[in-house]
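The block underneath contains the structure these notes are about, expressed in structure tokens.
Just the heavy atoms: all of them, side chains too, but no hydrogens, waters or symmetry mates, feed the values below. Throughout, residue positions are numbered sequentially from 1 according to the sequence presented.
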Amino acid sequence: MKKNSIFFLALIFIFSMVGCSAESDLRTLEPTAIIREDETKFSSSTDAKDMSDDKNPAGEAGAFNLEKGTVLLNNGYEMPILGIGCFRLSQEEAENSVYWALRDGYRLIDTARIYGNETGVGRGIRRAIDEGIVTREEIFVTTKMWTDDYNDGAAAVKTSLERLDLDYIDLMILHHSQPENDVEAYQAMEQAVAEGKLKSIGLSNYYESEDFDRLVNVTTIVPALIQNETHPYHQSMEMKEHIVQYGTVMESWFPLGGRGNTQTLFNDATISSIAKAHGKTSAQIILRWHLQAGNIAIPGSSNEAHIQENFEVFDFELSKDEMQRITDIDKNQRFASY
């Protein structure tokens, strides 16, 4: 009897241990199953983007490659990080500036419907292509939809393509926040992406994170970039921190302060002293700061020599101390009111 009791107790002990072991295994497996499920969802969402062969999905969205002079956008396309801006240029000036820029090595061109020079920009591109300087595929062309056109975004895309004389536009941007109809305009750009007329889309002059999110939360394609006034006196820190979660990058208009304000930045004691130390101009120091700070820069000029000078920023590097010194002169001060 005593032996039977001992045997019975031993069996109970063994079964209890098996039960504990099984419970322990389940607790161990549950987090693994969740991770795998999440990984499956991530893989499916990535496949849903249907990245085409001309995209480069390798790397991290928003990552700047200073050796190549490109940034990886959140849709997989590579974009040059230094370009020629065409604000306030006539048709003839835009044609010449774009042609000179492409000849000097630029591959990013920025214009807008409201600038009134898309036709000139297109002619400059055609000249460079016809002379064998570049191919269409090597150029990244940006234009912007004006607020008056938001009610018929499809027509705005069509007319920009016609004026630029291009089969597709690499990036189209809504020029300003306009809550009454900018969502519809953005959705028209999304449709143009689906039709192959646009490669990437983005926003300009959205300065509040709530305004940015308002549009993002009701649309499908996350903006590839946001183009705001950004320079050493207005470094857009809060917005840049906000858009990191979306893989959206910052592009600077007025990277040198804009007409009437460039000398203010050029003569800043910090900038001019760093320029002297490197044997560079203040403009070159500011542009190099933009690139190292993670800002795409599109300085505008109709001066052939200045266009070339602005591109000569890949042969030197600012130290961490120099970058910090420029960061420290941020005044959160905009020069424009629009």
Side-chain angles (χ1 to χ4, degrees), residues 49-86 94-113 115 117-145 156-173 189-202 221-225 227 247-249 251 291 296-299 307-308 310-311 314:
K49 291 182 180 178
D50 189 26
M51 290 187 173
S52 58
D53 292 339
D54 57 347
K55 296 183 184 180
N56 177 14
E60 181 182 356
F64 274 51
N65 186 323
L66 294 176
E67 291 185 2
K68 293 178 63 178
T70 61
V71 60
L72 185 66
L73 301 179
N74 59 14
N75 58 4
Y77 288 106
E78 280 192 318
M79 178 179 180
I81 55 178
L82 181 60
I84 180 73
C86 297
E95 177 182 349
N96 288 330
S97 291
V98 166
Y99 172 77
W100 292 331
L102 292 173
R103 180 199 61 193
D104 291 344
Y106 290 78
R107 294 297 179 262
L108 170 61
I109 300 162
D110 181 271
T111 185
R113 193 280 273 183
Y115 297 171
N117 57 25
E118 286 178 314
T119 300
V121 167
R123 288 200 300 259
I125 292 171
R126 181 53 51 191
R127 276 174 60 188
I129 292 175
D130 289 346
E131 292 184 18
I133 295 172
V134 292
T135 64
R136 170 64 186 97
E137 293 72 26
E138 293 173 323
I139 307 171
F140 195 103
V141 181
T142 302
T143 194
K144 308 176 194 74
M145 187 187 298
V157 173
K158 181 176 182 291
T159 53
S160 281
L161 282 166
E162 291 171 350
R163 285 190 290 261
L164 288 164
D165 191 23
L166 297 174
D167 295 328
Y168 66 90
I169 295 168
D170 297 276
L171 170 67
M172 180 170 271
I173 301 171
M189 294 198 304
E190 290 181 318
Q191 180 60 36
V193 170
E195 295 169 355
K197 297 173 182 177
L198 307 177
K199 298 285 188 180
S200 304
I201 55 180
I221 300 176
V222 177
L225 62 72
Q227 188 185 108
T248 304
V249 296
E251 183 174 31
L291 305 189
I296 300 168
I298 45 171
I307 291 171
Q308 182 177 4
N310 289 342
F311 198 69
F314 293 99

Taking [X] for the side chain and [Y] for the main chain, is one N or O donor matched with an acceptor at less than 3.5 Å?
X: Arg103; Y: Ala128; answer: no
X: Ser160; Y: Val157; answer: no
X: Asn117; Y: Gly120; answer: no
X: Tyr106; Y: Ile307; answer: yes
X: Asp165; Y: Thr119; answer: no
X: Glu190; Y: Ile221; answer: yes
X: Lys144; Y: Thr111; answer: yes
X: Arg126; Y: Ile129; answer: no
X: Thr248; Y: Pro223; answer: yes

key: Shortest non-hydrogen contact from Ile81 toward Phe314   = CD1-CE2, 4.5 Å

Where Leu73 and Ser200 come nearest, the two heavy atoms and their spacing = CD1-OG, 4.0 Å

Minimum side-chain heavy-atom gap [X]-[Y] below 4.5 Å:
X: Met79; Y: Ile296; result: yes
X: Leu82; Y: Arg107; result: no
X: Glu118; Y: Arg113; result: yes
X: Arg123; Y: Val98; result: no
X: Leu161; Y: Asp167; result: no
X: Val121; Y: Glu95; result: no
X: Lys158; Y: Lys197; result: no

Using the side-chain contact (heavy atoms from CB on, under 4.5 Å) rule, pick out the option among [options] that qualifies with [X].
X: Val222; options: Ile201, Asn75, Asn74; answer: Asn74
X: Thr142; options: Ile109, Ile173, Asp170; answer: Ile173
X: Val141; options: Leu171, Ile125, Asp110; answer: Ile125

Distance under 6.0 Å and angle within 45° of ring axis: Arg127 vs Tyr99 = yes

message = Check for me whether Arg136 meets the cation-pi criterion with Tyr168, that is, NZ or CZ under 6.0 Å from the six-membered ring centre and within 45 degrees of the ring axis.
response = yes

query = Is it the case that Asn65 and Thr70 place a side-chain donor and acceptor less than 3.5 Å from each other?
reply = no

In Å, rounded to the nearest 0.5 Å, how long is the span from [atom1] of [X] to [atom2] of [Y]?
X: Asp104; Y: Phe311; atom1: CG; atom2: CZ; value: 8.0 Å
X: Ile298; Y: Cys86; atom1: CD1; atom2: SG; value: 9.0 Å
X: Ile169; Y: Met172; atom1: CD1; atom2: CE; value: 4.0 Å

